[in-house]
There are 2 protein chains.
Amino acid sequence: MLGSQNDMGQMPEPPAPSDGSSLTAHVYDVISEMLLSGALKPGDRMSLRGLAEQLGVSVMPIRAAIGRLAARGALTVEPKRAVTVPVLRRDEFRDLTRNRIHLESWAAALAAQSGMEAVPLRAAEQRFRSALSRDEAASAVRANKALHFHVYAAARSPVLTELVTIMWLKAGPIINLDLGERSRRSRHAASAESHARLVAALLRGDAETASEALAHDIHSAAEFILSRDILPD
Amino acid sequence: MLGSQNDMGQMPEPPAPSDGSSLTAHVYDVISEMLLSGALKPGDRMSLRGLAEQLGVSVMPIRAAIGRLAARGALTVEPKRAVTVPVLRRDEFRDLTRNRIHLESWAAALAAQSGMEAVPLRAAEQRFRSALSRDEAASAVRANKALHFHVYAAARSPVLTELVTIMWLKAGPIINLDLGERSRRSRHAASAESHARLVAALLRGDAETASEALAHDIHSAAEFILSRDILPD
DNA sequence: GCTTTGCAACTGTGATCCCAGTTTTATGGC
DNA sequence: GCCATAAAACTGGGATCACAGTTGCAAAGC
């Protein structure tokens with residue numbers, strides 16, 4: 001066991017930078033990022049004490065952060081059992097995908113109507129393509145997330161962004177499942193095509209095409225997952 | 001100060017019935033219901049210790065429940081200040097309303113397509129009209145919520161229902177603001193008309209009309225709030 | 001009478017201990 | 001060797017204490 005709090009054992013990120021002035025916020029960000037990036041897989045188990053030691057804090061901030069994630073449906077915490085990353089059945093994943101398409105394609109339409117600045121949008125798309133060409137899966141995942149949420153922010157609807165975030169927390173562990181480098185690369189390549197159509201439509205204010213392109217992006221990624229026999233049921 | 005835990009002081013509801021086998025779940029339900037029913041108004045302040053004494057539990061379950069509500073945007077908890085019910089500005093309320101219309105009217109369309117059983121649906125509507133005629137505001141609010149979520153459940157989309165629930169937690173304190181008996185009654189009467197159109201459309205599988213009726217219900221209630229000068233900005 | 005200042009009460013946050021279930025591991029019986 | 005069984009390790013939930021900011025009230029100064 002480690003000594004008292006803040007033992008500086010091997011905590012990955014010191015609470016100093018980017019810390020939301022609260023240990024709970026920091027822990028929330030760390031676990032949230034692990035979910036969104038696919039570092040946590042469906043069914044993965046974690047314990048409060050284990051995470052506490054790992055992150056170099058006591059169990060209290062861990063509990064609070066886990067509770068918040070659980071409230072958003074990103075984690076499952078059964079009465080006296082280990083905290084787990086939810087395992088979605090096929091129909092649950094389909095339901096999630098349907099809602100993602102409905103909300104995120106709408107967000108794309110709103111963004112197109114509001115108008116977007118070309119430079120940062122193209123830069124975000126370029127960062128994704130660049131990570132793709134350099135074959136860096138992890139940074140491609142980050143760039144993909146950044147591009148999508150850049151669009152959602154342009155919809156100028158905080159509520160919508162929040163709802164989409166909640167769905168991403170649920171979908172992250174499944175969408176970013178590492179199914180081998182080959183398939184991941186081809187999936188990202190398909191995504192790049194959707195992105196190109198999306199960006200072009202957004203810049204010319206074509207709400208309908210932007211909406212359709214984003215829907216296609218989500219749909220094809222989901223179909224890829226469903227085509228493999230990964231999800232139960 | 002009360003004695004030790006479970007002091008049986010004046011706790012409103014004993015943790016025994018309907019308790020989700022966890023004090024936190026019970027506290028969550030209680031506060032959630034207070035938000036949805038308008039018992040809590042925007043800007044209302046509450047303290048962990050105050051709630052703990054009031055509900056007859058220690059601060060721990062209160063903290064967990066508050067944290068979960070805050071994660072869903074239903075409560076605001078600033079670093080070292082009192083927990084408050086969020087005060088939405090006009091534009092924030094408009095944004096929330098727009099998203100509610102987009103999601104809830106879609107849910108109504110899905111419910112119409114799935115088909116609904118006539119008896120329980122008509123019963124739910126009747127309970128609202130009955131509470132209305134008996135002039136019982138509180139039970140009209142409950143019946144209204146029950147009717148709406150009866151429809152959303154029929155959409156058979158757990159994710160959608162969850163997202164809608166989150167938005168109701170945000171809107172509850174504003175929508176159910178007590179602006180005097182007269183205006184509340186006329187607002188509920190207007191709602192009854194929308195409900196009639198909604199129920200009829202649902203039962204004949206008319207997705208478009210059902211969607212439109214629900215959108216109108218939300219829109220008119222929101223316009224009523226906006227017409228008064230209650231929200232800041 | 002009005003402003004300013006300081007102290008006291010109150011706020012959420014975090015740490016630590018304890019408890020009652022769960023899960024796993026090892027042990028004993030066959 | 002295999003299965004039932006018990007004990008040890010581990011799980012989250014809750015209570016309590018300590019702490020550092022915030023808020024508000026009251027007394028002092030002018």
Side-chain angles (χ1 to χ4, degrees), chain A residues 1-9 11 14-16 19-31 40 43-71 73-86, chain B residues 1-9 11 14-16 19-31 40 43-71 73-86:
Chain A
M1 161 188 178
L2 294 179
S4 55
Q5 87 276 15
N6 290 347
D7 179 278
M8 276 291 178
M11 74 179 120
D19 186 353
S21 79
S22 123
L23 287 179
T24 297
H26 172 67
V27 172
Y28 180 93
D29 289 342
V30 170
I31 301 178
L40 289 172
D44 273 3
R45 289 156 47 147
M46 49 216 301
S47 80
L48 301 188
R49 292 168 179 83
L51 282 171
E53 186 169 343
Q54 203 173 334
L55 299 181
V57 300
S58 83
V59 300
M60 277 298 312
I62 304 285
R63 272 213 320 209
I66 295 283
R68 283 171 59 176
L69 262 336
L75 289 177
T76 299
V77 37
E78 296 171 90
K80 289 272 165 67
R81 228 153 319 161
V83 176
T84 62
V85 179
Chain B
M1 161 187 180
L2 294 179
S4 55
Q5 88 275 17
N6 290 346
D7 179 278
M8 276 291 178
M11 74 180 118
D19 186 353
S21 80
S22 125
L23 287 179
T24 297
H26 172 68
V27 172
Y28 181 92
D29 289 342
V30 170
I31 301 178
L40 289 172
D44 273 3
R45 288 155 49 144
M46 49 214 302
S47 80
L48 301 188
R49 291 167 178 84
L51 283 171
E53 186 170 344
Q54 203 173 333
L55 298 181
V57 299
S58 83
V59 300
M60 277 298 311
I62 305 284
R63 258 219 284 199
I66 295 283
R68 282 171 60 177
L69 263 335
L75 288 177
T76 299
V77 37
E78 297 171 270
K80 290 268 164 67
R81 228 155 316 161
V83 176
T84 62
V85 179

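Here is the naming used below: chain letters follow the sequence lines, and residue numbers restart at 1 for every chain.
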Asker: Could you tell me which residues satisfy side chain to side chain contact (heavy atoms under 4.5 Å, CB included) with Arg81(B), sequence neighbours excluded, listed by chain and number?
Answerer: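 Applying side chain to side chain contact (heavy atoms under 4.5 Å, CB included) to Arg81(B) gives Glu78(B).
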Asker: Rounded to the nearest angstrom, tell me the gap between atom NE2 in His26(B) and atom C1' in dG14(D).
Answerer: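 Atom NE2 in His26(B) sits about 15 Å away from atom C1' in dG14(D).
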Asker: In chain order, what residues pass the side chain to side chain contact (heavy atoms under 4.5 Å, CB included) check against Ala70(A), with sequence neighbours excluded?
Answerer: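 Listed in chain order: Val77(A).
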Asker: Gly50(A) and Ser47(A): which non-hydrogen atoms are nearest, and at how many Å?
Answerer: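 That would be N-OG, 2.8 Å.
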Asker: Identify the heavy atoms of Thr76(A) and Pro86(A) that sit nearest to each other, and give their distance.
Answerer: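 Between these two residues, the closest heavy atoms are OG1-CG, 3.4 Å.
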Asker: Without decimals, in angstroms, what is the distance between Glu53(B) CD and dT16(D) P?
Answerer: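 In whole Å, dT16(D) P and Glu53(B) CD are 13 Å from each other.
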Asker: Before giving the answer on side chain to side chain contact (heavy atoms under 4.5 Å, CB included), spell out for Val83(B) and Leu69(B) the whole-Å C-alpha distance, their side-chain angles and the decisive distance to 0.1 Å.
Answerer: CA-CA 11 Å; Val83(B) 176; Leu69(B) 263 335; over 6 Å; no
Asker: What is the distance from CE of Met60(B) to P of dC17(D), rounded to the nearest Å?
Answerer: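 In whole Å, dC17(D) P lies 15 Å from Met60(B) CE.
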Asker: For nucleotides 8-13 of chain C, give me one character per nucleotide, 5' to 3': B if any protein heavy atom sits under 4.0 Å from the base, S if the only such contacts are to the sugar-phosphate, - if neither.
Answerer: ---BBB
Asker: Can you name the side chain to side chain contact (heavy atoms under 4.5 Å, CB included) partners of Ala64(A), sequence neighbours left out?
Answerer: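 With sequence neighbours excluded, Ala64(A) shows a side chain to side chain contact (heavy atoms under 4.5 Å, CB included) to Thr24(A), given in chain and number order.
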Asker: To the nearest angstrom, how far is Arg45(A) atom CZ from dA9(D) atom P?
Answerer: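 Arg45(A) atom CZ is separated from dA9(D) atom P by 18 Å.
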